[in-house]
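Worth knowing before you read on, the calculation uses all heavy atoms, side chains too, and leaves out hydrogens, waters and symmetry mates. Worth saying up front: this structure is predicted, and the values here are computed from it rather than measured. Both counts, for ligands and for their atoms, begin at 1 and track the order of listing.
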Amino acid sequence: MILIMGVAGSGKSMQGKMLAEKLGYQWLSTGELLRKYVSGHKKEDMLKGKLVDDKELIEIINKALSQSDQEHMILDGFPRTLVQAEWLLKCHENEQINIDKVILLEVPRDTVLKRLLDRGRQDDNKDTINNRFKEYEKMTLPIIDLYGSHGIKVSTIDGDQTVEKVNQDITSLFDRD
Ligand code: AMP
């Protein structure tokens with residue numbers, strides 16, 4: 001399993017899909033799963049850029065993982081919090097899954113803002129983008145430290161380049177193996 005992480009607007013979904021196609025892997029995005037299965041006030045919160053409750057999300061992802069080939073999967077948008085990261089780490093250490101690689105796409109806030117305002121999805125406006133950036137900094141970055149201290153290497157990629165160049169940089173991580 002490969003994890004691809006980065007703030008909304010970092011290009012992780014586009015790059016995740018491109019990599020999945022190249023490797024012949026399945027691409028699984030928690031954002032996509034949630035947009036399909038969550039409704040009512042939870043969906044409204046989600047559209048404001050708030051993260052979905054860990055317990056609920058872990059249940060959804062656990063179910064999705066048990067129904068698919070985890071070895072050949074790119075997981076996009078999970079984990080996003082320490083609780084999620086610890087749960088996935090436990091699965092890795094129990095050998096239920098195997099985290100082969102973690103790719104972190106780094107993009108500065110200004111680029112994210114510009115890209116998302118251009119994209120114009122329903123949850124893309126200045127406030128929600130700023131919310132997501134704050135959540136990301138607070139919640140996601142400690143995950144990198146946690147995984148590093150458990151011997152899982154995180155490869156940081158500069159996401160502030162053309163789609164093709166980012167794709168090349170990601171692909172080159174696999175050439176070296
Ligand atoms: P994304 O498509 O990755 O930008 O995700 C869209 C929205 O789905 C996020 O703003 C969150 O509200 C929710 N979401 C996606 N992944 C997660 C996650 N791992 N934990 C909590 N909420 C999530």
message: Is there a polar contact, in the sense of an N or O pair closer than 3.5 Å, between Gly77 and ligand 1?
response: yes
message: Both conditions, 6.0 Å and 45 degrees, for the charged tip of Lys101 above the ring of Phe174: are they met here?
response: yes
Best match, Lys42, Met46, Arg80: closest heavy atom to atom 3 (O) of ligand 1: Arg80
query: In terms of atom number and element, which parts of ligand 1 are under 4.0 angstrom from non-hydrogen atoms of Arg35?
result: 2 (O), 6 (C)
query: Considering only heavy atoms of Leu57, which atoms of ligand 1 have at least one such atom less than 4.0 Å away?
result: 17 (C), 18 (C), 19 (N), 20 (N), 21 (C)
Contact atoms of ligand 1, heavy-atom distance to Thr30 under 4.0 Å: 15 (C), 16 (N), 17 (C), 19 (N)
field: Residues Glu135, Arg132: salt bridge by 4.0 Å N-O rule
entry: no
- prompt: Which one holds for Val52 and ligand 1: side chain close, backbone close, both close, or neither close, with close meaning a heavy atom under 4.0 Å?
  reply: both
field: ligand 1 atoms in contact with Gln84 (distance to a heavy atom under 4.0 Å)
entry: 18 (C), 19 (N), 20 (N), 21 (C)
- prompt: Do you know the tightest heavy-atom contact between Ser13 and Asp76?
  reply: OG-OD2, 2.8 Å
query: So which of Asn130, Ile129, Val7 actually passes side chain to side chain contact (heavy atoms under 4.5 Å, CB included) with Arg109?
result: Asn130
query: Which of the atoms in ligand 1, numbered in the order shown and given with their element, are less than 4.0 Å from a heavy-atom of Lys12?
result: 3 (O)
Ligand 1 contacted by Lys43 (non-hydrogen, < 4.0 Å): no
task: Grab the two heavy atoms, one from Asp160 and one from Arg115, that are nearest each other, plus how far apart they are.
output: CA-NH2, 4.1 Å
task: For Arg132, counting its heavy atoms only, list the atoms of ligand 1 lying under 4.0 Å from any of them.
output: 10 (O)
message: Side chain, backbone, both or neither: which applies to Arg121 and ligand 1 if a contact is any heavy-atom pair less than 4.0 Å apart?
response: side chain
field: Charged N-O contact under 4.0 Å between Arg80 and Asp54
entry: no
field: Interfacing atoms of ligand 1 (cut-off 4.0 Å, heavy-atom, Leu34)
entry: 8 (O), 13 (C), 14 (N), 15 (C), 23 (C)
- request: Considering the heavy atoms of Phe78, write down every atom of ligand 1 situated less than 4.0 Å from one of them.
  value: 19 (N)
message: Donor-acceptor check, side chain of His92 to backbone of Ile99, threshold 3.5 angstrom: yes or no?
response: yes
task: Give the residue and atom name of whichever protein heavy atom lies nearest to atom 11 (C) of ligand 1, and the separation in Å to one decimal.
output: Lys50 O, 3.6 Å
Arg121/Asp123 ion pair, N-O < 4.0 Å: yes
statement: Closest non-hydrogen atoms of Glu56 and Val38, given as atom of the first, atom of the second and distance, are OE2-CG2, 4.4 Å
